[in-house]
There are 2 protein chains.
Amino acid sequence: MTDGMTIGRVAKAADCNIQTIRYYEQIGLIPAPRRSSGNQRLYDASAVRRLAFIRHARELGFPLSAIRDLISLVDHPAQSCEAADRIATAQLHAVEGRIRRLTALRGELERMVEECKGGRVADCRVIEVLSDHSLCETPDHGAPALAE
Amino acid sequence: MTDGMTIGRVAKAADCNIQTIRYYEQIGLIPAPRRSSGNQRLYDASAVRRLAFIRHARELGFPLSAIRDLISLVDHPAQSCEAADRIATAQLHAVEGRIRRLTALRGELERMVEECKGGRVADCRVIEVLSDHSLCETPDHGAPALAE
DNA sequence: CTTGAACCTATAGCGACTGTAGAGAGTAGA
DNA sequence: TCTACTCTCTACAGTCGCTATAGGTTCAAG
């Protein structure tokens, strides 16, 4: 019943689309499953769990490289937590940085939207702010560098 | 003086790297500038302003498609502000969703790092959370829609 | 006139997918 | 059994927003 699920069923169960599953297999993030006589992939329940893990971590912003590391921890649950601690701490710092930048950004966007009340574009606060960096008071000194 | 700037000077002035400028030209986000006798691009001050506008919007997380729309508004300043407001509001919602999700994640990561003091991976909180979506209280269900 | 920095084009690569084409596999009804 | 239809297969191109490289040309200083 749980054994021998086709890729479509797994995709639904793990809320992950089919191409993405094949992509994860291709880059070695999940193991290649066994095949039916007609060469179709057949998964068991553990594949669904792993995919759900990956998708959830992705939704939370972990890059695949970090997920790869986390998976190798999951696969060796008896060892010390140290590596997981390191990964999580690094991830925590990254997340904190992103929150800081996004919070500054939210303030600016709120101000823009607030002041843009049906005027004409010529007076549009949104465009004014975007045009002049000095109008924006990022508490973050350097370049916000949205990326990452 | 402001007229006839080479791409390198413009890049410095607008805090935007050279390849990116050529890329923006290629995709039609900025107009192709005139050229010197030796085929080098020569920009005027308006190009710097436009690039600064684009870079600033990018830093704020606007996708190029939204920026394209904003530019067309800037180029037609007599019309209503409504479209700019819509774009900025969508971006604001996207940013708020991201902050919510990241804040939830930060909580989990903090707890994990806290509880991960020489224990074993088998008991690791973050892995547990990542494995089971129901443990996490993200108020935001859906996709970010706009940008990043 | 020579050197070296800045510029040119064209192309490939990144991460993390998504979409397509054209073929084969599996299933349900007549 | 035949047909119709859906699902899956591989392989590869495209997405976004750049960044990097290769191999050449132009410009400005000494």
Side-chain angles (χ1 to χ4, degrees), chain A residues 4-30 32-43 47 50-51 53-71 91 94 98 143-148, chain B residues 4-30 32-43 47 50-51 53-71 91 94 98 143-148:
Chain A
M5 298 171 79
T6 61
I7 199 168
R9 289 178 186 286
V10 171
K12 272 213 182 79
D15 194 24
C16 177
N17 93 31
I18 291 175
Q19 284 100 308
T20 303
I21 296 174
R22 290 199 278 247
Y23 170 71
Y24 287 164
E25 179 185 327
Q26 189 189 309
I27 64 168
L29 200 62
I30 58 173
R34 66 195 181 84
R35 301 284 183 126
S36 72
S37 55
N39 199 36
Q40 301 196 349
R41 290 170 180 83
L42 292 178
Y43 297 90
R50 168 145 306 181
L51 278 169
F53 177 93
I54 295 169
R55 290 314 304 162
H56 192 197
R58 285 293 301 134
E59 275 167 26
L60 292 173
F62 285 82
L64 290 186
S65 57
I67 294 172
R68 210 184 280 273
D69 293 345
L70 287 168
I71 283 175
Q91 193 62 23
R98 272 185 254 160
L146 178 86
E148 167 207 3
Chain B
M5 298 170 78
T6 61
I7 198 168
R9 288 178 186 287
V10 172
K12 274 214 181 75
D15 193 25
C16 177
N17 94 31
I18 291 175
Q19 284 99 308
T20 304
I21 296 175
R22 290 198 279 246
Y23 169 71
Y24 287 163
E25 180 184 328
Q26 188 189 309
I27 63 168
L29 200 61
I30 57 174
R34 64 195 182 83
R35 301 282 184 130
S36 72
S37 55
N39 199 36
Q40 300 197 351
R41 290 170 180 83
L42 292 177
Y43 297 90
R50 170 145 304 184
L51 277 169
F53 177 93
I54 294 169
R55 290 314 303 162
H56 192 196
R58 286 292 302 136
E59 278 168 22
L60 292 175
F62 288 81
L64 290 185
S65 58
I67 294 172
R68 210 182 281 271
D69 293 344
L70 287 168
I71 284 176
Q91 184 62 18
R98 251 176 104 63
L146 195 79
E148 214 210 2

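Residue numbers begin at 1 in each chain, while the letters A, B, ... track the order of the sequences. The basis for the numbers below is simple: all heavy atoms, side chains too, and nothing from hydrogens, waters or symmetry mates.
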> How does protein reach along nucleotides 7-20 of chain C, written 5' to 3' as B (base within reach of a heavy atom under 4.0 Å), S (only sugar-phosphate), or - (no contact)?
Replying inline: SSB------BBBBB
> Do Tyr43(B) and Leu51(B) have side chains that get closer than 4.5 Å, going by heavy atoms?
Replying inline: no
>> The criterion is salt bridge (Lys or Arg N to Asp or Glu O under 4.0 Å); which residues satisfy it with Arg55(B), sequence neighbours excluded?
In response: none
> Does CZ in Arg68(B) sit with more than 12 non-hydrogen atoms of other residues, nucleotides or ligands closer than 6.0 Å?
Replying inline: yes
> Is there side-chain contact between Tyr23(B) and Leu64(B), with heavy atoms separated by less than 4.5 Å?
Replying inline: yes
> How close or far is atom C1' of dT10(D) from atom CD of Glu25(A), stated in whole angstroms?
Replying inline: 12 Å
> What is the distance from NZ of Lys12(A) to C1' of dT6(D), rounded to the nearest Å?
Replying inline: 11 Å
In residues 14-21 of chain A, what donor-acceptor pairs under 3.5 Å come from side-chain atoms, sequence neighbours left out?
from     : atom 1 : to       : atom 2 : distance (Å)
Asn17(A) : OD1    : Gln19(A) : N      : 3.1
Asn17(A) : OD1    : Thr20(A) : N      : 3.2
Asn17(A) : OD1    : Thr20(A) : OG1    : 3.2

